> 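What follows is a single structure, and I will ask about it in a moment.
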Amino acid sequence: MTVRTGQEGVELSDGVSIPLIGFGTWQLDGNDAYDGTRAALDIGYRHIDTATAYDNEDKVGAAVRDSGLGREDVFITTKLPPGRVGREAQTLDASLKALGVDFVDLWLVHWPPNGEARPDTWKAFIQALEQGKTRAIGVSNYSVAQIDELIAATGRAPALNQIPWNPFLFNEREVAELRSRQVVLEGYSPLKRSNLGNRVLQEIAAAHGKTAAQVILRWHVEHGFVVIPRSRRRERIEENFAIFDFELTAEELRSLDALGA
Ligand SMILES: NC(=O)c1ccc[n+]([C@@H]2O[C@H](COP(=O)([O-])OP(=O)(O)OC[C@H]3O[C@@H](n4cnc5c(N)ncnc54)[C@H](OP(=O)(O)O)[C@@H]3O)[C@@H](O)[C@H]2O)c1
């Protein structure tokens, strides 16, 4: 994909566009969550990833409000902890209250509860969507077989699956399986689980005058994978967003894909 700005997105099956790059907030507590989100929005990110389990929705919400941006300008994702099965609606209401918003943009089942797909939980997600409390619904850490269970039970596929992802985890078959079901792939832990010192990455980074982290993030957006890097340092939040002024060649993309083989 030719992606030239950090605001460009991919269309979810729910009819909503999700910006390809977002700011991850796991393990950002208190001031780090507030300062990080403020910095990200200031730099140009328009998509923030949080979760009930991160215990920082109030700080993320305050940062969005204080940014001066309109609610509709920022894409907010939050997630249902698997332990809240049976209390889906109450949990989403608590998220909305903590964030200080009337709706989120994307609500995910954080993990398959007890390793199971749980169509009953998925039905509660569909209800929340119909009630306008979220603009799109999806899952995280689900296998394709578990996604198929949800589709079989409800006729509705998750709009997105958030999974660990980076060139070292690239798996063409998984990409094809998700695409054929119109499930957008969102990658998490893009940097933490990568070997930033890898020679192929380093050579490509040097050729573009970029860092290995930037090459990994650019690889995601060129493939149309949504990516949500996290940092508590402003200079890195900025570095991770400075990926719209270069393009990887087809050959570079192929050698990065091959890291996952
Ligand atoms: N759905 C799920 O189950 C799930 C699981 C994990 C994560 N997530 C989401 O995905 C987001 C991202 O994943 P993550 O937080 O696990 O890991 P990540 O974004 O891959 O990596 C974060 C780590 O990399 C460092 N870092 C950031 N930018 C860097 C750069 N340019 N160069 C070198 N190091 C850099 C950070 O350190 P500094 O802070 O010191 O910069 C931090 O230690 C999370 O924040 C969360 O929103 C979801």
Side-chain angles (χ1 to χ4, degrees), residues 1 3 5-10 12 16-29 32-57 59-61 63-64 73-80 95 99 104-111 134-142 158-170 175 178 183-194 196 213-234 236-244:
M1 278 171 83
V3 184
T5 80
Q7 275 77 51
E8 273 179 64
V10 276
L12 299 176
V16 173
S17 174
I18 179 169
L20 278 161
I21 187 159
F23 179 64
T25 66
W26 182 44
Q27 292 182 327
L28 297 186
D29 315 315
D32 281 342
Y34 180 85
D35 294 344
T37 305
R38 277 301 296 274
L41 294 173
D42 185 37
I43 287 160
Y45 293 73
R46 291 293 178 265
H47 164 189
I48 311 291
D49 183 84
T50 181
T52 295
Y54 300 170
D55 202 19
N56 62 14
E57 288 170 311
K59 301 291 188 232
V60 167
V64 171
D73 296 325
V74 185
F75 190 102
I76 303 175
T77 299
T78 195
K79 316 185 190 87
L80 175 90
S95 286
L99 285 159
V104 289
D105 296 283
L106 177 62
W107 191 33
L108 304 177
V109 185
H110 205 148
W111 287 88
T134 181
R135 293 172 70 222
I137 49 176
V139 294
S140 178
N141 299 300
Y142 270 57
L160 173 151
N161 191 17
Q162 186 182 111
I163 53 175
W165 200 244
N166 65 48
F168 301 93
L169 296 174
F170 180 71
V175 174
L178 291 175
V183 180
V184 166
L185 192 163
E186 176 172 44
Y188 72 70
S189 304
L191 307 173
K192 206 172 64 184
R193 291 177 182 236
S194 291
L196 296 180
Q214 288 171 320
V215 169
I216 289 175
L217 299 172
R218 182 75 206 180
W219 172 86
H220 282 78
V221 301
E222 285 194 24
H223 269 300
F225 305 139
V226 180
V227 66
I228 44 175
R230 179 238 331 169
S231 174
R232 41 169 52 85
R233 307 193 212 171
R234 189 185 168 102
R236 281 185 170 168
I237 300 174
E238 208 157 343
E239 172 186 334
N240 296 342
F241 196 72
I243 58 166
F244 301 101

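Residues take their numbers from the sequence shown, with the count starting at 1. Every value quoted in this text rests on a predicted model; they were computed, and no experiment measured them.
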> Salt bridge (charged side-chain N to carboxylate O under 4.0 Å, His left out): which pairs involve residues 213-222, sequence neighbours left out?
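As it turns out, the salt bridge (charged side-chain N to carboxylate O under 4.0 Å, His left out) pairs with a partner in residues 213-222, which skip direct neighbours, are R218-E222.
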> Can you check whether P19's main-chain N or O pairs, donor with acceptor, with H47's side chain at less than 3.5 Å?
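Yes; at least one donor-acceptor contact below 3.5 Å.
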> Say you draw a straight line from CG of L80 to OG of S140; how long is it, rounded to the nearest 0.5 Å?
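Those atoms lie 11.5 Å apart.
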> Test P190 against every option in L169, L217, I21 by the side-chain contact (heavy atoms from CB on, under 4.5 Å) rule and name the one that passes.
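Single side-chain contact (heavy atoms from CB on, under 4.5 Å) partner of P190 among L169, L217, I21: L217.
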> Relative to each other, are the rings of F225 and F170 parallel, tilted or perpendicular (30° and 60° limits)?
tilted
> Would you sort out whether R230 and D49 count as a salt bridge (charged side-chain N to carboxylate O under 4.0 Å, His left out), showing the intermediate values?
CA-CA 9 Å; R230 179 238 331 169; D49 183 84; over 6 Å; no
> Do Y54 and H110 have ring centroids that are under 6.0 Å from one another?
yes
> So, for V3 and V221, which heavy atoms are closest and what is the spacing to 0.1 Å?
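For V3 versus V221, the nearest heavy atoms are CG2-O, 3.7 Å.
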> So, D42 side chain and R38 main chain: donor-acceptor pair closer than 3.5 Å or not?
no
> According to side-chain hydrogen bond (donor to acceptor under 3.5 Å, both in side chains), who are the partners of Q214, at least two apart in sequence or on a separate chain?
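For Q214, the residues satisfying side-chain hydrogen bond (donor to acceptor under 3.5 Å, both in side chains) (neighbours in sequence not counted) are T211.
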> If the condition is side-chain hydrogen bond (donor to acceptor under 3.5 Å, both in side chains), which residues does S189 pass it with, not counting sequence neighbours?
none
> Out of D55, T77, N56, which one pairs with T50 under the side-chain contact (heavy atoms from CB on, under 4.5 Å) rule?
N56
> Decide, yes or no, whether a salt bridge links D35 with R232 under the criterion of side-chain N to carboxylate O below 4.0 Å.
no
> Roughly how far, to the nearest 0.5 Å, is OG of S17 from CZ of R46?
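Taking CZ in R46 and OG in S17, the distance rounds to 14.0 Å.
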> Quick one: are the ring centres of Y188 and W26 less than 6.0 Å apart?
no
> Do the ring centers of W111 and Y142 come within less than 6.0 Å of each other?
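Distance test on ring centres: not under 6.0 Å, no.
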